[in-house]
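One is the number of the first residue; the rest follow in order along the sequence.
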Amino acid sequence: MAKVNEAAAMEIDDPNSNISDQISPKFSINVLQLLKSAQMQHGLRHGDYTRYRFLHVVLYMAERAWSHAMEKRQLPDGPNARQRIYLIGRLRKAVKWADLFSHLCSVKGDSRTSLEAEAYASYMKGNLLFEQDRNWDTALRNFKSARSVYEELGKYGDLENQVLCRERVEELEPSIRYCLHKIGGSNLQASELLQIGEMEGPASDLFKSKLEAVMAEARSQQAASLTEFHWLGNRFPITNAKTRVAILKAQELEKDLHGPLADSLSAEKRLVTFDKVFTAYHEARSCIRSDLASAGSAENVKDDLNGLDKAVSAVLGQRTIERNQLLVSIAKSKLTRRRDDKNEKVTKPEELVRLYDLLLQNTADLSDLVSSGRDRKPEEVTFAEECELKSLAFRAERCFYLARSYSLAGKRSEAYALYCRARSLAENALWKFQAHSKTDQVMIKELKTLYDECRSYSCIEHATGIIEEVKAPENLSKKISTISLTGADKKVEKYLLEKLDLYESAISESNVKAVPRIEPFPPAFQSIPRNPIVLDLAYNAIDFPSIENRMKKDKKGFISRLWG
């Protein structure tokens, strides 16, 4: 019973909390190694047991409570009402432990430790008020207090400590600006909030959760003015509020892809933005099809919803083509390198062939979608023609990289034929692009480059094929002249059983992929003696005497004589 009471006294968590709400994964800890490392780093190297059991425990308890709260915040659908109560309770525990840590440091620690502990406590108080959605002025005061301390601490100490303090100042900045926005001291636009939300770090996790709620509210307000969807000269009414919000979210994200700052975004961030755009448009299509199912027999409403569904699907197809073109550009950048910056595998030509297959399928689907229906407008006809032109360019690119894959496999004749075919396709696509009214200068430049590369590679492939054909008899004669049943002609490293007098390893290094050379298997052929072969050449020329008189004759019975 005493052990139970002792365990209850040591437990700082709320006894009424539901344990089933907490995720309990299995961890692997090297206990002895962890203990020895902690003891050597925190006082026991010099026999200071007080330092080992004192301040660090309080700080880690504050971090433990804070991490529990962040775990609930990162749930896929966000915390529900019950989990939110638990989250705020854990933040209160974190504030309690942080205040105790600050008090103990003011008594037992030096001036720098005490000042940094006060900044940590202020940061935790700001997080609690930030999550509670109230007392924004108090939260702002705590965040500013923590920022000022970290700014001062970032001017002194070693380089690592300065970097950490500056990173914490940058992490606090979004929370401070958001508090000012809620108080009314800052007129932040939605795009500015999004840019702040892109900052990384543990201090920005709570801000990101608030940002989603603010952006959803702002979209709901702006969606009231979005009554029509414009696409290729058509106007489709939008009556469902959820459809408006989803389309508005997608259009805001598209500004990041096609706006003035699009070139400054990295390829990884653009891919993430594309995924968000796809999610928003799929949500809009789901709402539209739900409205179609409940439209009943209202033909006018059905026509509008079908047209809106077609328009949203076409825009989604366009963004899919743009995303796949981005993947092509990433793959091309890795094609000529042995290893990229992250030590990933290089791109093979076959991967680009697969990507261009996807692009050809995307353009075909989009062209069929736009061409479907009656009473097509001139804008739709022009758009379908542009899709056909893009497919010509994609087909030429696909043929070019297919030729490169054959070239790497040593198939010169096939590669040369494919290079010539790709050159012809590129020339045809280039001529049609130049003849089209809306010329895509980027695509024309790429086709010109492709045409020149096809010509260069075809010449190289032709020359390489001729050289290999000329040298083929010579190489064949060399290989035949060096054929041996024992393999004695091969200049290879000796096996282990052949060099037992030498102290050398028969196994290669761990970072080198090589087969251990212990004993050859299967073993080499060996010549062995066998019985002589006798050829009887005189047998067919001998005239043997008749021996029929010596053969025994069969005796026949009475009946056999009658019938014989």
Side-chain angles (χ1 to χ4, degrees), residues 5-15 17 29 31 34-71 86-132 135 138-158 160-169 171-172 175-176 201-203 205-206:
N5 293 334
E6 183 180 356
M10 293 175 63
E11 180 59 47
I12 197 64
D13 294 344
D14 186 3
S17 63
I29 300 176
V31 179
L34 183 63
L35 286 177
K36 292 298 294 183
S37 176
Q39 290 172 358
M40 292 298 101
Q41 292 179 12
H42 303 112
L44 263 65
R45 185 186 298 272
H46 307 290
D48 188 358
Y49 289 90
T50 303
R51 176 186 167 195
Y52 177 63
R53 73 172 187 267
F54 198 50
L55 294 177
H56 289 85
V57 175
V58 182
L59 177 61
Y60 289 142
M61 291 302 292
E63 285 291 291
R64 176 175 178 265
W66 172 80
S67 64
H68 272 227
M70 294 299 101
E71 181 183 11
Y86 174 79
L87 185 153
I88 293 177
R90 299 308 301 171
L91 285 177
R92 285 199 182 100
K93 292 290 183 183
V95 170
K96 174 184 175 181
W97 285 112
D99 285 338
L100 178 59
F101 176 69
S102 176
H103 173 69
L104 293 174
C105 287
S106 64
V107 177
K108 297 292 184 179
D110 56 14
S111 57
R112 188 199 62 80
T113 303
S114 175
L115 186 62
E116 191 169 356
E118 289 180 8
Y120 179 75
S122 298
Y123 165 66
M124 282 298 177
K125 291 176 185 176
N127 282 338
L128 175 61
L129 296 173
F130 194 94
E131 181 61 33
Q132 289 177 331
N135 297 330
T138 308
L140 177 63
R141 188 163 56 251
N142 281 283
F143 283 137
K144 283 187 173 181
S145 175
R147 182 182 67 177
S148 61
V149 171
Y150 287 122
E151 284 177 345
E152 290 299 320
L153 292 176
K155 299 177 183 178
Y156 308 101
D158 56 6
E160 182 180 1
N161 181 70
Q162 294 180 20
V163 172
L164 291 175
C165 290
R166 290 170 187 170
E167 288 179 352
R168 179 50 63 93
V169 170
E171 292 174 1
L172 287 170
S175 300
I176 293 174
D205 290 339
L206 286 175

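- Between the S122 side chain and the E118 main chain, a donor and an acceptor come within less than 3.5 Å of each other.
- The line from CZ of R168 to SG of C165 is 9.5 Å long, rounded to the nearest 0.5 Å.
- Rounded to the nearest 0.5 angstrom, N127 CG and W66 CH2 are separated by 8.0 Å.
- Here the shortest heavy-atom pairing between I88 and E131 reads CG1-CG, 4.1 Å.
- Rounded to the nearest 0.5 angstrom, N142 CG and K125 NZ are separated by 6.0 Å.
- Side-chain contact between V163 and E167: present, with at least one pair of heavy atoms (C-beta onward) separated by less than 4.5 Å.
- Side-chain contact annotation: D110 with T113, donor-acceptor N/O pair under 3.5 Å present.
- A121 approaches S102 most closely through the heavy-atom pair CB-CB, 4.2 Å.
- Closest approach of A62 and Y120 over heavy atoms only: CB-OH, 3.6 Å.
- Rounded to the nearest 0.5 angstrom, H103 NE2 and S114 OG are separated by 10.5 Å.
- Contact detail for A119 and A146: the closest heavy-atom pair is O-CB, 3.6 Å.
- Between the NE2 atom in H68 and the NZ atom in K93 there is a gap of 12.5 Å [rounded to 0.5 Å].
- Counting only heavy atoms from C-beta outward, the side chains of K96 and R92 never approach each other to under 4.5 Å.
- With sequence neighbours excluded, the residues that form a side chain to side chain donor-acceptor pair (under 3.5 Å) with E152 are K155.
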Step by step, work out the side chain to side chain contact (heavy atoms under 4.5 Å, CB included) result for E171 and R147.
CA-CA 9 Å; E171 292 174 1; R147 182 182 67 177; over 6 Å; no
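- Distance CZ/F101 to CD/E116: 8.0 Å, rounded to 0.5 Å.
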